[in-house]
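The block underneath contains the structure these notes are about, expressed in structure tokens.
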Amino acid sequence: MEISKNFDFKSAEAKWYAHWLENKYFESTPDEREPYTVVIPPPNVTGILHMGHCLNNTIQDILVRRARMMGKNACWVPGTDHASIATEAKVVQMLRERGIQKASLSREEFLSYAWEWKEKYGGIILQQLKKLGCSLDWNRTSFTMDADYYKSVIHVFNDLYGKGYIYRGKRMINWDPKAKTALSDEEVIFKEVQGKLYFLQYQIVDNQGQVVPLSEGGITIATVRPETILGDAAIAVNPSDDRYKHLIGSYAIVPLIDRKIPIIGDEYVATDFGSGALKITPAHDMNDNQIGIKHGLQVVDILNEDGTLSSDAQLLIGKDRFEARKEIIQLLQEAGHVVKIEDYIHQVGFSERTDVVVEPRLSLQWWVDMKKISGPALTAVQDGEINFHPAKFKNLYRHWMENIKDWCISRQLWWGHQIPAWYDGEGRFVVAMNEEEAKEKFSKEFNVIDPQLKQDEDCLDTWFSSWLWPFEVFKGISNPGNKDVAYYYPTQSLVTAPEIIFFWVARMVMAGYEYMGKKPFSDVYFTGIVRDTQGRKMSKQLGNSPDLLEMIDEIGADAVRFGILIASPAGNDLLWDKSSNEQGRNFINKLWNALKLIQIWKERAKPNLTSEEVSLASDWPHQWFDARLRAASSEIDVLMAQYKLSEALKTLYSLIWDDFCSWYLEWVKPGFEKPMDQVHLDSVLNNFELLLERLHPFMPFVTEEMYHLLRTSQPIDLCVRQLDAALQPRELDEKVLNEGELLKASITAIRDARVKSQIKNKDAVTLYCSSLERTSWEAIQQLLSKQVNASDFSFTDEPIANTIQLVVGSSKMYIKSEQVLDTSAQRKTLEEELKYYEGFFASVEKKLSNEKFVQNAKLEVVEMEKKKLNDALQKITLLKESIANLS
RNA sequence: GGAACAUUAGCUCAGUUGGUUUAGAGCAUUACUUUGACAGAGUAGGGGUCACUGGUUCGAGUCCAGUAUGUUCCACCA
């Protein structure tokens, strides 16, 4: 069979993915095997594949494919998340482009547009995962708003409400004025912003109730949000502050609107910040709200839900908050209230989804009382029931869990799971599975017959559905105790980004224990963040995020998978550069060329060779490679168990490039245009197959392609071939591995000597060896002679004159050549080596002559040092002899 | 403000309970080689007082304390 010059990844990728699907290799149903379950972190239904997904899903695919090849029933569940805010924003934008305002639509109309949009664009990302080679069970594709899933979310809400874990309450929340919705604390990103600190002077009312003119002094406060003075309810000072304490109990006048507000004392106020007097705006600041409650202050809400000033502001009504800020300063300046304005750098909260400044706002929302369900989730991770990789995230998790706050779960959106609460006209409400049940409950609880009910307009936070993901993809709630959930749950590995440890991971653990009574997964692998070479996070805004599909198209999915993984140390961020793809491509090329070489051997192979034709006298090279493969495989097993995927791939890379290509194939290579005997060829083919097997989870396409080119009638596809569990290191391997090291060292040393003495490769040399380890040399002498073009190899006890002298291990070698020898180069090499060993000898000797060392160190350590000393001494003797022989 | 983690070759990182060499790998770099799988190759080399300062110890990249720098998380004084 003709093998193409290079790997044609485009046709191979299309061919093999279709073939795998056709043969249902990725489909899983419960059977007697042990399950290996992974649920995909569901990407946003609006999402497009980026580098983060690439890393994340490559890792999952490696774990899943490997499990599949190790006899597990591997099941990787795909799906998408409805991503309420993000998706609703996209739909609103699409409508705007069509000239439709969301406000002009009914809820039903809007949702039909949203579903239309979801059907059309949603799930593109899942198609993209196929390009990457991901072995997902597509029959199990789930969506967080599937009918059953939806019902389960509503059920969970009802259940938690029934248990008293969900409540409705008026609290300060983070308000996103663009999305016009509440946000949870986790959805607010604090950024440092260069702002201004405005010092404003308020007039004071004296004992007689007279307003003191500003010219006679007032009270100065500092604020970064001057527009909020319109909502002021008090001015607070620290009761121990001598500057102000006499004012406590009197009143001040809010500028421009002349509202009379009390001056109160509260320890909360810092005397050393700003002016030492704090304006209190209970409707628009978390802390002010607390103080407001404590002192029974009135609440003046001056903002509309879109961030414009409300009629309660009395001034600048309808203006945007930032516009109002500029204008009010002008008005205050004109009225003489501005004392000074300072530059001020401070932290401002932004909405994670819309990136607008979040407003603290008082509103009625639904909450989950987290302390009620967090207990088992905390201990599970503390006790190692669930393992985090890397383990450092354990601390972070614990800290958050121990200081957990209630979770605001209502969102003022339409796209999502509508809150199952029904209200009557009088503000009474019940929580129910549906309207019918709600009516029943009303009649029972309030004795109302057939009330006019209205369902809560709001939706649930997206994470209130995705925290059910690991079991609801198996219908663990909608069809409790079914065969799938019983078999696949708990899942094994969760691979996700550390950013969502609180949003998602922690909450899944809570839901898992609450609803399944079991952990949702055994291991959580947190990937790093993909950054560019300058260490910047990849983002659309910076334009440093490469187009993944384009890249796959250019260089192939396997090269991209290799590139991202090799650059990804376990648990660290990875600085990714396109050049690591090239390393992947080069590696594929190397493999491909090995295949081409073997193909040539296959064509020339003969079943029975005459003794003259035999290319290889023994099967020593096969034994050696077998031993190397065993050692490397067990290293890889260990690394994989520790989730050190990058290290495992490096081990494989070097096994293939160095051990297999550079050494093994060279050792078994027959002479130019000579045939290879079938027995040796079979060994080579077997070994190559075993390599491809191990590489397959990392680079599925090229390995499957080569596997079939290697042997035309494979009984089974590589994708579902089972790894040979017997491939473990054996004690007897040690001998052949040592011989291999001796062979490599001698080849390298002789090649080096040839270069330094300018002996051309085509000129044959004669080798003499003086050694106490004759049996080792005997095992390798034929290969050595072939590799270094030596016409003869013999043992000697005497130095050979006019030769190049080398010390390999504890043996001496003499290279005899026709050529005139340049002894100076040789002498230099030997002397440098001697210098090194003398230095080494001195350092060991020093250590051993230290009495305290010999007294205190462990016996075996001392013994080892003595051995090192002896070895070095032997080496020094040999080197000295060689140098002496030179002259 | 608090905490966690990190700091080893030009870059990205290994280095398991302190003692296996005078600290390793990959990539990059330099020189040389090169007509039989592979110039997308081969061989060899250069490059590190293991961030700094102390301490514990016979012995520290490894343990302890402090300092500096960086990253991340938490909190948020208007």
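Lettering follows sequence order; numbering is per chain, from 1.
Using Watson-Crick or G-U wobble geometry with both donor-acceptor distances under 3.5 Å, B:A28 finds no partner in any strand shown. In this structure B:U17 sits in no base pair that meets the Watson-Crick or G-U test at under 3.5 Å. Nucleotide B:U71 forms a Watson-Crick or G-U wobble pair with B:A4, both donor-acceptor distances falling under 3.5 Å. Of the nucleotides present, none pairs with B:G47 by Watson-Crick or G-U wobble criteria with both distances under 3.5 Å. Searching all strands for a Watson-Crick or G-U wobble partner of B:G36 with both distances below 3.5 Å returns nothing. Across every strand in view, B:U56 sits unpaired, with no contact that passes the Watson-Crick or G-U test at under 3.5 angstrom. For B:A23, there is no paired nucleotide, since no Watson-Crick or G-U wobble pair has both relevant distances below 3.5 Å.
Side-chain atoms of A:K590 come within donor-acceptor range of the base of B:C38, with a qualifying N/O pair under 3.5 Å. Contact annotation: side chain of A:Q583 to base of B:A28, donor-acceptor pair absent below 3.5 Å.
Among the heavy atoms of the strands, none lies under 4.0 Å from A:E192. Nucleic acid contact class of A:T748 (heavy atoms, under 4.0 Å, all strands): sugar-phosphate only. As judged by a 4.0 angstrom heavy-atom cut-off over every strand, A:F393 is placed among residues making no nucleic acid contact. At a threshold of 4.0 angstrom between heavy atoms, the contacts of A:K405 are confined to the sugar-phosphate backbone, with no base atom among them.
Between A:K392 and the phosphate of B:U71, there is no side-chain N or O to OP1/OP2 separation shorter than 4.0 Å. A:K196 has no side-chain polar atom (N or O) that falls below the 4.0 Å cut-off from OP1 or OP2 of B:A78. For B:G42, the OP1/OP2 oxygens have a side-chain nitrogen or oxygen of A:W657 closer than 4.0 Å. Note on A:N593: every side-chain N or O is 4.0 Å or more away from OP1 and OP2 of B:C38. The side chain of A:K669 places an N or O atom within less than 4.0 Å of a non-bridging phosphate oxygen (OP1 or OP2) of B:A37. Distances shorter than 4.0 Å separate none of the side-chain N or O atoms of A:T223 from OP1 or OP2 on B:A78. Under 4.0 angstrom from either OP1 or OP2 of B:U22 there lies no side-chain N or O belonging to A:Y837. For the OP1/OP2 pair of B:A78 and a distance below 4.0 Å, the side-chain nitrogens and oxygens of A:Y344 include at least one atom meeting the criterion.
Residues A:I588 and A:R531 both approach RNA chain B. Their nearest nucleotides, taken by heavy-atom distance, put A:I588 toward the 5′ side. Residue order along RNA chain B, read from the 5' end via each residue's closest nucleotide, puts A:Y653 first among A:Y653 and A:K760.
Among the nucleotides B:U21, B:C38, B:C5, the one closest to the side chain of A:F840 is B:U21. For A:Y836, taking side-chain heavy atoms from C-beta onward, the closest of the listed nucleotides B:G40, B:C58, B:U22 is B:U22.
The distance from the CD1 atom of A:I747 to the CG atom of A:D752 is 13.5 Å, given to the nearest 0.5 Å. With values rounded to the nearest 0.5 angstrom, A:F502 atom CZ is found 9.5 Å from A:I404 atom CD1.
Atom CG of A:L297 is separated from atom P of B:A78 by 20 Å (rounded to the nearest Å). Rounded to a whole Å, the CG atom of A:N850 is 11 Å from the P atom of B:A60. For A:E499 and B:C74, the CD to C1' distance is 16 Å, given to the nearest whole Å. Protein atom CG of A:N856 is 16 Å distant from nucleotide atom P of B:G19, rounded to whole Å. Distance, A:E603 CD to B:A37 C1': 12 Å, rounded to whole Å. Here B:A78 presents its C1' atom at 13 Å from CD of A:E342, a figure rounded to the nearest Å. As a whole-Å value, the separation of A:D658 CG from B:G26 P is 7 Å. Distance, A:E582 CD to B:C11 P: 20 Å, rounded to whole Å.
Cation-pi contact between A:K847 and A:F853: present, with separation from the ring centre below 6.0 Å and deviation from the ring axis of at most 45°.
A salt bridge links A:R225 with A:E359; the closest basic N to acidic carboxylate O contact falls under 4.0 Å.
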